[in-house]
Amino acid sequence: MNLRSVLALFAVMAGIGAGAVAPAVAEPAPLDACYTWGRTLSEGASGDDVRQLQIRVAGYPGYGGVLALDGQFGPGTKAAVTRFQQAYGLGADGIAGPATYTKIYELQDNDCTPVNFSYDELNNCNSDWSGGNVSAATARANALVSMWKLQAMRHAMGDRPIDVNGGFRSVACNNAVGGAPASRHLYGDAVDLGAGPQGFCALARQARNHGFSEILGPGYVGHDDHVHVAHRSSRFWSAPSCGVSREGVEQLPIDR
Ligand SMILES: [Zn+2]
């Protein structure tokens, strides 16, 4: 959420910008209650601000891609930023500057989740993200990344609501629903989607473009009634009824 107006008021109250040396003070840089970038970022940059950017554009790695969240602004990050800019009609130069940040600020809530998704809907197991296969903090951080991927997917599909049925599970919650022992739900990055207005197959197909290395859907055992998207170390896609295969090779003439 953009705090520009609030902070501009503070600036006036504090006398900032009044009588400064610079003759024409430009519009103040946007500030945000979640996270504010302090510099323009381009290829070659590194740091936590790069990593924060990578989380926000994690849904734009291209078909079959997964963007590394390593704080290193390399070609993959540039391509993801470019796709993000194209998705929102910004100048697409792969350089994250004020226009890109302003769009991100519009898209994020004060808790850093994208505006159309929340921690609550990604955890209907417990209140503190504990008891999974990773620390609560890691599970929550993983869920945040998945939310940004879903936000990209939602936008690409016409900004219609995506129906989230759940995400994180503790070991106890996972056992209670008969989840696989190594389920990505135990890591916080898996999300189960209802059909919503898009339908299962459209969701499963579209997810291939948004950084989900694990996609399970109709035709895969236990997944005829939802689509499961998650992160894993190597690709595993299987929604045979939708033409989404383990190898990622098209089985039906569908657009990506
Ligand atoms: Zn699942």
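Atoms within a ligand are numbered from 1 in the order they appear, just like the ligands themselves. For reference, positions follow the sequence shown, starting with 1.
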Could you check whether atom NZ of Lys103 has more than 12 heavy atoms from other residues, nucleotides or ligands sitting under 6.0 Å from it?
yes

Out of curiosity, Lys149 NZ to His210 NE2, how far, rounded to the nearest 0.5 Å?
11.5 Å

Considering only heavy atoms from C-beta outward, does the side chain of Trp37 approach that of Ile104 to under 4.5 Å?
yes

Protein-derived N, O or S atoms lying less than 2.8 Å from the Zn ion (ligand 1), waters not counted, sum to 3

Check Leu90, Leu67, Leu41, Leu53 against Val81 for a side chain to side chain contact (heavy atoms under 4.5 Å, CB included) and give me the one that passes.
Leu53

Report yes or no: does Gln85 contribute a side-chain atom to a donor-acceptor pair with the main-chain N or O of Gly94 at less than 3.5 Å?
yes

Mark yes or no for whether Asn175, through its side chain, and Gly178, through its backbone, hold a donor-acceptor pair below 3.5 Å.
no

